[in-house]
Amino acid sequence: MGTGELDREAHVAAGTEGNGGTAAPRTLAEALRTRGDEGLAALLRARPDLLVPVPGDLTQLATRAGTRASVVRALERLDRFTLQAAEALAVAPDPAPYRVLRGLMAGDEGDPAIEAALPRAVGLLREQALVWGDDERLRLVRTARELLAPSPQHPSPTGLGPTVAEATAGMSPTRLQEIIATAGLSTTHDPVSAVAALTDLFTDRERMGALLDTAPVEALGVLDRLVWGPPYGEVTPNPTPPVRWLRDRGLLLPVTARTVVLPREAALHLRAGRAHRVPEPLAPAVTPSREYRPQVVDSTAAGQAYTALATVEELAKEWNEGGPAVLRAGGMSVRDLRRTATALDVTEQVAAFWLEVAYGAGLIAPDGEADERFAPTPAYDDWLALPAAERWARLAGAWLAATRTPGLVGSQDAKGRTLAALGPDLDRGAAPEVRRRVLTLLAGLPAGASPDPETLLARLRWERPLRGAARETGTDLRARLASWTLTEAELLGVTGRGALSAHGRALLPGAPAPGTDHPVAGHAPGHPRTPTGHVPAPTAAEGSDASDGRRAARAAVADHAGAAALLAPLMPEPVDHVLLQADLTAVAPGPLRRPLADTLAVLADVESKGGATVYRFTPASVRRALDAGQAAADLHAFLAAHSRTPVPQPLAYLIDDVARRHGHLRVGAASAYVRCDDDAVLGEILADKRSASLRLRRLAPTVLAAQADPAALLEGLRSMGFAPAAESAEGDVLITRAHAYRTPARTAPAPVPEGPPEPDTTLLGAAVRAIRAGDLASTVVRKEESATPGGDGDGAPPRTSAAETLATVQAAAMTGSAVWIGYVTAEGAASQRVIAPVRVEGGFVTAYDHTADEVRTYPLHRITGVAELADDVT
């Protein structure tokens with residue numbers, strides 16, 4: 001294939017929009033005017049920050065697209081090869097033909113993979129308005145060039161140094177003439193031609209090769225150390241002969257008295273034309289580490305999903321009467337986190353994960369009281385009533401969309417403050433995008449395959465090379481998020497043995513089929529190829545990390561039903577019975593149905609968890625059931641009805657013994673009192689030294705008064721081995737039921753993504769129309785000044801008298817033509833608009849406003865002037 005054919009093919013594949021034979025655009029704004037509506041919408045979708053607020057016209061859009069903050073954000077979303085193409089353009093002449101860029105990327109010998117991938121990269125840069133111009137005049141926007149071009153303060157990833165012209169700026173003309181003479185060139189009459197001659201020598205492959213053939217071997221070794229960067233080196237006041245040889249011929253140019261640099265043109269010759277040492281046109285493949293049968297993966301993940309539900313329920317039970325206090329700065333203390341981890345029998349880091357998952361799902365929250373503390377929310381009770389699979393899907397969906405990052409708990413922020421669980425400053429906008437991307441890459445592996453973590457991280461680094469350390473100094477945040485995602489997905493049951501489960505895949509609409517993660521030359525991940533080989537415009541999710549998180553949130557909610565349906569058959573069926581043992585324990589052979597589980601949790605204490613939960617009956621647990629209003633007969637009947645084995649005699653004796661003593665003593669408020677029909681028992685209490693702290697005294701043979709409050713008195717008597725019962729003011733036994741403390745209604749925390757919200761199709765369409773209309777108003781051609789005496793002829797809004805304004809808009813309404821007006825709003829803001837008057841009456845003009853794309857009514861006294869449009873405009 002000839003060079004011309006390659007250029008033409010590159011022009012088509014890169015998506016260059018033809019200009020119909022007109023002159024090439026001179027600015028980015030002019031280049032944007034050649035785009036169709038779909039092209040503008042693709043730009044706004046890929047760079048949503050350009051929409052806030054909506055630009056008034058294409059000139060404003062181009063200006064905003066060139067601001068430093070916007071360009072940095074756009075560069076951070078480029079994959080490695082597209083970024084390498086931008087870096088190559090930054091060291092190329094401005095403007096650069098496509099063939100020059102191709103030479104910088106593929107080198108003198110060429111590379112089919114790079115040549116196949118380059119059109120897509122250039123097309124993506126064009127689409128995002130980082131590059132503009134046709135294939136003969138590719139221009140990198142000025143801000144991007146400033147960011148990517150080499151400089152002593154900011155070395156380029158290419159490792160290239162300044163050009164000959166840049167390195168010799170300020171050099172004396174005499175020294176320049178000495179250099180070109182020593183290099184074998186004819187002397188010139190001025191520095192400009194001397195620099196040009198030296199540049200021509202370094203860019204001429206044949207002459208440059210002949211010059212290097214005469215170089216000492218040691219001099220070539222010096223060049224080898226500098227050629228791939230950094231291009232700067234230190235020299236002594238009396239350099240060695242090899243360095244002197246290079247310096248005398250301009251192959252090393254002085255930067256300071258002790259520093260020399262290898263000029264860019266010489267380095268490119270030594271590199272055989274390559275701007276990068278290792279171009280990466282292909283996305284690295286994620287390779288499997290181990291493979292399991294899909295059924296094993298699904299069952300393992302389902303078992304972990306059941307454990308996840310049990311853990312969240314255990315957390316809520318632990319906080320059922322109010323959880324730990326909220327720190328003044330927000331979050332919970334390290335001591336409370338440690339206590340929660342002990343209660344859940346997990347590490348503190350895992351406990352922080354479960355806390356954040358429950359918080360993200362809206363199941364726990366601060367109660368908002370004066371002495372604020374954490375507690376379950378009313379939404380927890382609604383969640384608890386759902387089937388197990390749906391409860392899991394809610395947790396998984398909340399985790400997938402959350403920007404809160406549990407892995408940061410315990411680390412320090414930029415100010416050295418420790419980040420607390422459930423506290424502020426845990427949001428990371430990249431978290432949802434990384435989670436979704438990691439799971440999508442797992443979905444592309446063969447079914448049942450777990451990934452090699454190193455290849456997974458390499459893929460993520462290729463896709464967003466500049467995003468890693470954007471928010472975390474000295475660390476690769478995306479790599480840490482990816483590692484946490486693999487761990488958290490396993491804890492939650494999204495993956496099993498490291499491989500994505502079927503119900504986990506259901507959380508990812510549009511996920512690739514298993515075994516389809518095979519990178520294509522020139523094909524960026526997330527950009528599907530059409531049958532013709534053209535790579536379509538990136539979707540909003542592909543163009544913005546923040547958009548990825550929001551789309552994932554909506555997708556997770558929408559796919560709860562699908563994930564739950566796949567998980568439901570794999571979850572263990574709740575059982576309605578236990579197995580009572582003679583050692584005062586009960587074994588639950590599976591998850592218990594809700595009424596049975598709730599009652600048994602009051603009657604017994606959980607001793608161990610696992611596939612079968614073991615409960616232990618103690619005097620305290622039986623008394624707890626009696627305090628909740630149960631009678632001994634009720635407990636016997638409950639156990640007989642739900643046990644597959646006979647009720648052991650020791651357990652029956654335990655219940656009867658506790659019930660016989662329960663309520664024998666009565667405690668009320670005096671501060672508190674104790675009454676008992678058996679005065680001997682009261683005498684025993686008074687004689688016991690342990691009752692001294694209660695400060696008891698006998699009021700009557702059957703009544704003792706105490707200085708302690710009733711709750712402390714109850715606790716004190718129970719610690720002495722008695723089983724008192726509280727009584728009401730009327731003398732009745734006070735039934736104390738398990739108290740479930742709940743916060744007021746709380747909404748789940750919303751993700752806090754980076755950047756503006758994702759524009760939907762309606763917003764994009766309206767924004768494109770508004771920009772087009774505003775551009776029409778700002779660039780409209782009006783009649784010459786002689787025809788409109790009130791105009792100033794310099795593009796400013798027209799100014800006419802009230803009579804001229806009225807006459808012009810009346811004439812336009814009669815002829816149905818459009819006019820250009822200057823208008824002052826009620827707030828005093830001046831603007832210009834293109835309108836088509838429909839009716840003029842009562843001091844108002846009703847017209848179709850091309851700028852706003854709607855019919856509006858304008859007071860005539862606010863129109864500062866009017867000008868007719870040129871005949872060929874409308």
Side-chain angles (χ1 to χ4, degrees), residues 1-19 21 23-26 28 31 34 78 80-128 130-141 144-145 148-150 156-158 160 163-165 196 199-209 263-282 521-524 533-535:
M1 182 180 292
T3 303
E5 293 174 330
L6 268 176
D7 287 343
R8 286 191 296 273
E9 178 182 342
H11 180 88
V12 173
T16 304
E17 298 185 52
N19 53 22
R26 297 168 298 175
L28 176 59
T34 65
L78 297 179
R80 189 180 301 279
F81 185 69
T82 305
L83 183 62
Q84 286 180 330
E87 293 165 350
L89 278 174
V91 298
D94 185 30
Y98 179 85
R99 61 182 176 274
V100 171
L101 174 61
R102 184 176 59 206
L104 288 171
M105 296 299 295
D108 296 341
E109 298 180 357
D111 187 319
I114 292 176
E115 292 174 3
L118 190 56
R120 180 203 63 86
V122 175
L124 186 59
L125 291 172
R126 269 202 186 104
E127 182 181 86
Q128 298 198 16
L130 295 172
V131 167
W132 58 278
D134 58 30
D135 283 355
E136 291 302 317
R137 299 175 62 84
L138 290 175
R139 292 182 181 273
L140 193 64
V141 295
R145 178 174 290 274
L148 300 176
S156 168
T158 62
L160 292 170
T163 63
V164 172
T199 302
D200 290 341
L201 170 62
F202 290 166
T203 55
D204 188 317
R205 295 288 187 263
E206 185 175 345
R207 289 194 294 157
M208 186 64 169
R264 185 181 306 170
E265 294 84 352
L268 287 173
H269 173 85
L270 295 170
R271 298 177 176 195
R274 283 185 183 268
H276 295 85
R277 189 169 195 170
V278 184
E280 299 183 54
L282 299 180
H523 182 204
H534 173 66
V535 180

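These numbers were taken from a predicted model, which means no experiment stands behind them.
For Asp200, there are no side-chain hydrogen bond (donor to acceptor under 3.5 Å, both in side chains) partners, not counting sequence neighbours. Taking the side-chain hydrogen bond (donor to acceptor under 3.5 Å, both in side chains) definition, one finds that Asp111 meets it with nothing, sequence neighbours left out. In terms of the side-chain hydrogen bond (donor to acceptor under 3.5 Å, both in side chains) criterion, Arg137 has no residue partners (sequence neighbours excluded). The side chain to side chain contact (heavy atoms under 4.5 Å, CB included) search around Ala266 returns Phe202, Met208, Leu251, Leu262, Pro263, not counting sequence neighbours. Partners of Glu280 according to the side-chain hydrogen bond (donor to acceptor under 3.5 Å, both in side chains) rule, which considers only residues two or more places apart in sequence or in another chain, are Arg80. Listed by chain and residue number, Leu104, Leu160, Arg264 satisfy the side chain to side chain contact (heavy atoms under 4.5 Å, CB included) test with Leu268 (two or more places apart in sequence, or in another chain). Shown here are the side chain to side chain contact (heavy atoms under 4.5 Å, CB included) partners of Ala165, two or more places apart in sequence or in another chain: Thr163, Val195.
Here CD of Gln84 is found 11.0 Å from CG of Leu118. Values are rounded to the nearest 0.5 Å. One distance of note links CG of Leu78 with CG of Leu124; it measures 6.0 Å at 0.5 Å rounding.
Trp132 places none of its side-chain heavy atoms less than 4.5 Å from the side chain of Leu138. For the pair Pro97/Asp135, no side-chain contact is recorded, criterion being any heavy-atom separation below 4.5 Å from C-beta on. Side-chain contact between Asp94 and Leu140 is absent, with no heavy atoms from C-beta onward closer than 4.5 Å. Taking 4.5 Å as the limit, some side-chain heavy atom of Arg120 sits within range of a side-chain heavy atom of Thr82.
Looking at every heavy atom in both residues, Thr34 comes nearest to Ala31 through OG1-O, 2.6 Å. Between Pro281 and Phe81, the closest heavy-atom pair is CA-CD1, 3.4 Å. Heavy-atom minimum distance, Ala86 versus Leu125: N-CD1, 4.0 Å.
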Intermediate values then yes/no, side chain to side chain contact (heavy atoms under 4.5 Å, CB included), Val141 and Val131: CA-CA 6 Å; Val141 295; Val131 167; over 6 Å; no

Atom pairs and distances, side-chain donor-acceptor, residues 270-278, under 3.5 Å, sequence neighbours left out:
{"from": "Arg271", "atom 1": "NE", "to": "Val227", "atom 2": "O", "distance (Å)": "2.9"}
{"from": "Arg271", "atom 1": "NH1", "to": "Thr158", "atom 2": "O", "distance (Å)": "2.9"}
{"from": "Arg271", "atom 1": "NH1", "to": "Ala275", "atom 2": "O", "distance (Å)": "2.7"}
{"from": "Arg271", "atom 1": "NH2", "to": "Thr158", "atom 2": "O", "distance (Å)": "2.8"}
{"from": "Arg271", "atom 1": "NH2", "to": "Gly159", "atom 2": "O", "distance (Å)": "3.4"}
{"from": "Arg271", "atom 1": "NH2", "to": "Val227", "atom 2": "O", "distance (Å)": "2.9"}
{"from": "Arg274", "atom 1": "NH1", "to": "Met105", "atom 2": "O", "distance (Å)": "3.3"}
{"from": "His276", "atom 1": "NE2", "to": "Glu87", "atom 2": "OE1", "distance (Å)": "2.8"}

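In terms of modelled atom types and a separation under 3.5 Å, the side chain of Arg145 and the main chain of Ala90 share a donor-acceptor contact.
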